[in-house]
Amino acid sequence: MAGKAGKQSRPRKAEKDEEEQPLQAVLVADSFNRRFFPISKDQPRALLPLANVSMIDYTLEFLTSTGVQETFVFCCWMSSKIKEHLQKSKWCRPTSPNVVHVITSDLYRSLGDVLRDVDAKALVRSDFLLVYGDVVSNIDVSQALQEHKQRRKMEKNVSVMTMIFKESPPGHKTRCEDDDIIVAMDGKSKRILHYQRAQALKKLHFPMNIFHSGSDEFEIRFDLLDCHISICSPQVAELFTDNFDYQTKNDFVRGLLVNEEILGNQIHMHVTRDGYGARVSNLLMYDTVSSDMIRRWIYPITPEANFADQEGQSCTHSRHNVYREPGVSLGHGSQMEENVLIGRNTVIGANCTISNTVIGANCVIGDNVTLDRAYIWNRVHIANDVKVKQSVICDNVEVKHGVVLNEQCVLAYNVVVGPDITLQEGTVLSMHHPDEEDDEDEDEFLSDDDVGYSKDKTKQKGSCSSYFIMLFQNEVHGTLQRGLDENISCDNLVLEINSLKYAYNISLKEVMQILIRVVLEFPFQQQGAQISTAQYSSHLLPLLKKWAPVFKNYVKRPQDQMDCLASMEEVFLERETHWAALVKVLMSVYQLEILEEEGIMRWFKQSSTTGKSQQLRRNQGLLKFIQWLEEAEESSEGDE
Amino acid sequence: MPGADKETELSERIEAFLSELKRCGSGAGSLRGSAETARETTSLLRRITAQARWSNAGDLMEIIRKEGRRMTAGQPSETTVGNMVRRVLKIIREEYARSRGSTEEADQQESLHKLLTSGGSSEDNFRQHFTHLKANVIEAINELLTELEGTTDNISMQALEHIHSNEVIMTIGRSRTVEAFLKDAARKRKFHVIVAECAPFCQGHEMATSLSKEDIETTVIPDAAIFAVMSRVNKVIIGTQTVLANGGLRAVNGTHTLALAAKHHSTPLIVCAPMFKLSPQFPNEEDTFHKFVSPHEVLPFTEGEILSKVNAHCPVFDYVPPELITLFISNIGGNAPSYIYRLMSELYHPEDHEL
């Protein structure tokens, strides 16, 4: 693992030195989102097969063929599998021109964390390429790299990043709808002036100041496909460290463009017309990129090239883009119509019709099977009379006879689908229980694809010392106090609390619990511990109302609500005299829509362990509240 | 250990060469011409001979065959690689035979007479060890390299015999051999050249620019106009990527059209091809014959909607049957297509046809 010293942030040395530096790349092998769940529960996304080759191999091939000599692969989810795969692959052989270092950590939660780590470890010495592990491309970036270096030489270090886009008209199937962007750029210098996610918006706003930048050629472009390949200067890593709230590339780009006057950093772009670059960010893109690969749009990366140098993987390319690996056996009357890739040792029965399909190795397919736009991975057994349309079938699945899979179905690993079943469009079958997700899942992941909100998941960090918690609690109290005195808006409060979270290394769940506690104890702090219930409620309720947005920021999932209620319970258990206030608090919290009926009901029905909490649940006021809640629920359901 | 270093260095070079082959060229013209590929293959084979560990000719042949198979699998349409491997194998056989002192059999092919008189199996396992074999083989490979360097000049020297003044010559696409051929003739004669542009890669344009720099009158025509213009043409001179074992050609796409048009007008079709392009393959190998590149040149990616409904293919090569060809001009002189089989037997040993 490289930890090379001598970070070269400013080219104080002669420029000749910079030019001789080997080209480096940072490959982020984790997408920090859940688009491929439940498939990626068993196998990390970077190792999923696209045309029978793992996706990370395509990215590494792209990097190597464009001249990268040192790559740092960052993994988080299932990093051991990725590491094992890379070590067996041709990239880690001593003869490989590209030296691959694998860096793993469980603490990465977003692209921002990875780049902060890059900065902390001083891994990059000069301009580097930043890609994700699921990028498939044949673009030659040397020209873009040349332009980038030229720009940085002309105006010392003003241009921080060059993004690579591909020209492709709106509605093109290789454009991922979630990733659609509108870019306002300066036509001459190719500088990005405004960058925005389209997200199916009907109206777009452009700030006027971008048109005052002194050039006279502006272009507003909607015909760009983001290849997710960027040429970054070492400043990018530093900028991520300085602004720890930059989590995703989107944040970074917008932040830089907004702060342009202050910091003076610019982002440029390079549009390629001839190369191909796309990122497999969801299953629709998987379909599209697979079919582009089979139709040879990504030449010279083609199935029969066997660029990953795997034994026995070489296939022959026949007319109509039919690829067959060795050992394939085709039954009598079966037709491989067009755009088909069949893996090795696969046996196909009689009278099958196969088109636009990728089949993995060692599959057994029965008779009279119709496969159209199906993606079948390894060791799958398909019995007779099955129809599959535009679906993904993962490893080791057994499909019994008579099954019909309609469009956009997914059968995850090891699933068995019984005889004579028809699956509706969009069905996902998996061995993993859907609720399992909530429990196993740990911290929040932040990625560009989670448009709008970030998923909060909480994790118990056992080794947090209570000293920090005390400090944190005091700080939060101080913050809220100041918020009250100076009338600070809730967004700023959230920001402050977040920064405290990082400063004291508190987990999200604990933040929420401590917040609840602090708020509930606020009146006691203000007015002493002896106030009556009525005074307490009258002081507390307006505070709850005021800080409702702050709570809503932290309480999102059912699990969070349970934790919140548990924390409330804890506070009130300590102050038996004020149980009457609990009802009012719950009512107010319910009306402010911080908590929901189901959450409260679930908490109430939970069998409690201590005598005190059982007693709490038998409190008259609380019982009445619960009863009212149930009736309210029924009436609202009755209305529907 | 110096030995291990050499071996890793050797395998590094082989790997680098293989990846170059695989990635080379997203277009009809390989980024490097066939001559460079041939030269690099031969130097690599020389290096293998010098640095690999072998004690007798059989071992060396095994090593070279193995590496050769890997290299040809990397890019099956680049036949010069396989050709050079076979030439080197033939060199090894000859040197071995010479070292053993057995009479050089001029005719390696099976003839009835040989079958009758040979008696026992003439198979020798190439297992005998000779100390000077390595040096001899390397020297012979050096001679091969010199020959490779001189091929274009040898062909160009024959230009004056074939091109006369005030002739109209047609060619297609861009061939370095034909370019040198025409430029050499232009020094002494005045003639016109018509270049078919050869869509979709349009390399004819570069050819025309290059020829016009030498003050040759050049015209560029689209491929569709070939037949129309053919009546005015005296000769057709083309280059090719490979010469197949039956005398046919694997040339850039559009050449078959040109050849048919020439046949119809009884215009002689002359192919300028150096000997290293001669391959023992026959044209019926469906899977390795062709090279399809990205359909981007045919139907651009920006067409959007149509792409999902339509299949676009972009083949690089064409097959021209031997009946349409009049003459082959190579570095050893002019030959008829029906004589190709003979030339092949001189260059390659029959057992090496399948690597």
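To find a chain, count down the sequence lines: A is the first, B the second, and so on, and within it residues start at 1.
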**Student:** What is the distance from atom OG of Ser65(A) to atom CD of Glu20(B), rounded to the nearest 0.5 Å?
**Tutor:** 11.0 Å
**Student:** So, for Val310(B) and Arg295(A), which heavy atoms are closest and what is the spacing to 0.1 Å?
**Tutor:**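 Here Val310(B) and Arg295(A) meet closest at O-NH1, 3.7 Å.
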**Student:** Between Ile14(B) and chain A, with a heavy-atom cut-off of 4.5 Å, which part of the residue counts as in contact: side chain, backbone, both or neither?
**Tutor:** neither
**Student:** What distance separates His317(A) NE2 from Lys291(B) NZ, expressed to the nearest 0.5 Å?
**Tutor:**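 That separation rounds to 13.0 Å.
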**Student:** Under the rule for ring-ring contact (aromatic ring centres under 6.0 Å, His included), what residues qualify as partners of Trp297(A), not counting sequence neighbours?
**Tutor:** Phe301(B)
**Student:** Side chain, backbone, both or neither: which part of Pro97(A) has a heavy atom under 4.5 Å from chain B?
**Tutor:** neither
**Student:** Can you measure from OG (Ser19(B)) to CG (Asn98(A)) and round to the nearest 0.5 angstrom?
**Tutor:** 11.0 Å
**Student:** Donor-acceptor pair, distance only, cut-off 3.5 Å: does the side chain of Arg296(A) make one with the backbone of Phe292(B)?
**Tutor:**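 Yes, because the side chain of Arg296(A) sits within donor-acceptor range (under 3.5 Å) of the backbone of Phe292(B).
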**Student:** If you take all heavy atoms of Leu307(B) and His172(A), which pair is closest and at what distance?
**Tutor:**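 Leu307(B) and His172(A) have their closest heavy atoms at CD1-NE2, 3.5 Å.
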**Student:** How long is the gap from NE2 on His313(B) to NE2 on His320(A), to the nearest 0.5 Å?
**Tutor:** 6.5 Å
**Student:** Any salt bridge between Lys90(A) and Glu15(B), counting N to O under 4.0 Å?
**Tutor:** no
**Student:** Counting only heavy atoms closer than 4.5 Å, note whether Asp274(A) contacts chain B via side chain, backbone, both or neither.
**Tutor:** both
**Student:** With a 4.5 angstrom heavy-atom cut-off, is it the side chain or the backbone of His296(B) that approaches chain A, or both, or neither?
**Tutor:**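 Both backbone and side chain.
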**Student:** Quick one: what part of Glu338(A) sits under 4.5 Å from any heavy atom of chain B, side chain, backbone, both or neither?
**Tutor:** side chain
**Student:** Can you tell which part of Thr174(A) gets under 4.5 Å to a heavy atom of chain B, answering side chain, backbone, both or neither?
**Tutor:** side chain
**Student:** Below 4.5 Å, heavy-atom pairs only: which of Ala16(B), Pro315(B), Pro295(B) has the largest tally toward chain A?
**Tutor:** Pro295(B)
**Student:** Answer with side chain, backbone, both or neither: which region of Arg273(A) has an atom nearer than 4.5 Å to a non-hydrogen atom of chain B?
**Tutor:**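 The answer is the backbone of Arg273(A).
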**Student:** What distance do Asn311(B) atom CG and Asn339(A) atom CG have between them, rounded to the nearest 0.5 Å?
**Tutor:** 4.5 Å
